[in-house]
Amino acid sequence: MMDSLKIATLLLLLSNFCFCAKLPSSFRKCDRNKKDFNQCLSKAVEDAVRQLTKPIKELGLPSMEPLEVPSLVIGAGSGAVAFEQNYQNTSVSGYGKMSCSKAEMNFETKTFYVHCTFPEVKMEFKYEISGRILLLPIYGKGPGAITLERVETDLTFKLDEYDKKGVKYFKVANVTLVMDPQLIRFKLENLFDGDEALGRNINSVLNDNWKEVFADVKPSYEDAFGKIYFSIFNNVLSKVPVNELFGDT
Ligand SMILES: *[C@@H]1O[C@H](CO)[C@@H](O)[C@H](O)[C@H]1NC(C)=O
Ligand SMILES: *[C@@H]1O[C@H](CO)[C@@H](O)[C@H](O)[C@H]1NC(C)=O
């Protein structure tokens with residue numbers, strides 16, 4: 001009797017209580033009322049991402065060193081790379097060394113922008129391709145890696161605000177990602193059913209012409225990675241209220 005009363009009281013108390021998640025204490029918190037708010041945000045993003053060597057389940061955050069992407073589809077370009085690229089089990093590493101130099105949260109337009117630099121982003125995957133690159137036939141299936149060096153990224157999220165039990169949350173409405181690498185190296189193994197000479201040849205062609213090759217599929221890359229960041233950020237936003245993220249108004 002007494003126990004059930006206690007439980008009822010406890011439930012009543014809890015029902016008035018916000019079940020929302022807090023940011024882990026290891027995450028930097030930024031207060032929108034402080035002058036250094038935007039600068040703080042750029043370091044907060046950098047810190048948070050660098051710490052993600054394992055997932056944080058409560059926030060729906062995956063491990064980002066490496067980030068595992070089960071399936072990555074890069075759409076066909078209209079010039080150099082005239083076929084769709086399918087990568088399986090892609091492991092993306094380089095997040096542990098990224099740094100963010102600029103961020104801006106605009107509460108009027110509900111836009112969050114962050115600029116980060118990656119010394120190196122390495123994608124290791126299983127590929128299967130068949131088509132033409134720079135007019136040369138290419139086909140094969142096997143393991144491969146693409147390394148992007150000194151990548152400047154501009155990431156912009158357009159947010160929508162909504163209420164959950166009287167508590168304000170954001171969700172991502174739209175994402176725009178711009179990725180600008182200074183160099184790309186390709187290493188596709190087992191091209192042409194393992195013909196070494198042909199394989200070496202095509203890898204050289206890809207590496208010598210990386211700019212042209214990347215330019216053709218850049219929007220597809222940005223779109224694919226933009227969707228990944230959309231979903232990661234959205235997970236956090238769905239759990240952590242606006243005032244916990246950015247301080248009280
Ligand atoms: C991708 O990984 C899954 C799970 O480890 C495995 O079952 C699958 O065979 C892998 N795919 C390829 C193409 O290696
Ligand atoms: C997302 O943003 C892009 C670029 O600003 C814009 O072209 C597109 O229409 C937007 N999509 C939505 C659904 O708002």
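Quick caveat, the model's predicted, so the values are computed rather than measured. Order of appearance sets the numbers: ligands from 1, and atoms from 1 within every ligand. Along the sequence shown, the residues carry numbers beginning at 1.
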Practice item. May I ask you to check whether Phe107 and Phe246 place their ring centres under 6.0 Å from each other? Key: yes
| query | If only atom types and distance count, is the side chain of Asp154 paired as donor or acceptor with the main-chain N or O of Val178 below 3.5 Å? | reply | no
Residues with a heavy atom under 4.0 Å from ligand 1, by chain and number, are Gln88, Asn89, Lys126
Q. Can you list the steps and then say if Arg185 with Glu149 is a salt bridge (Lys or Arg N to Asp or Glu O under 4.0 Å)?
A. CA-CA 8 Å; Arg185 285 178 283 126; Glu149 291 183 8; 2.5 Å; yes
Using the ring centroid of each side chain, check whether Phe157 and Tyr229 are separated by less than 6.0 Å. no
Open item on the list: A side-chain contact here means heavy atoms from C-beta on lying under 4.5 Å apart; do Ile232 and Met64 qualify?
Closed with: yes
Donor-acceptor pair, distance only, cut-off 3.5 Å: does the side chain of Asp160 make one with the backbone of Ala173? no
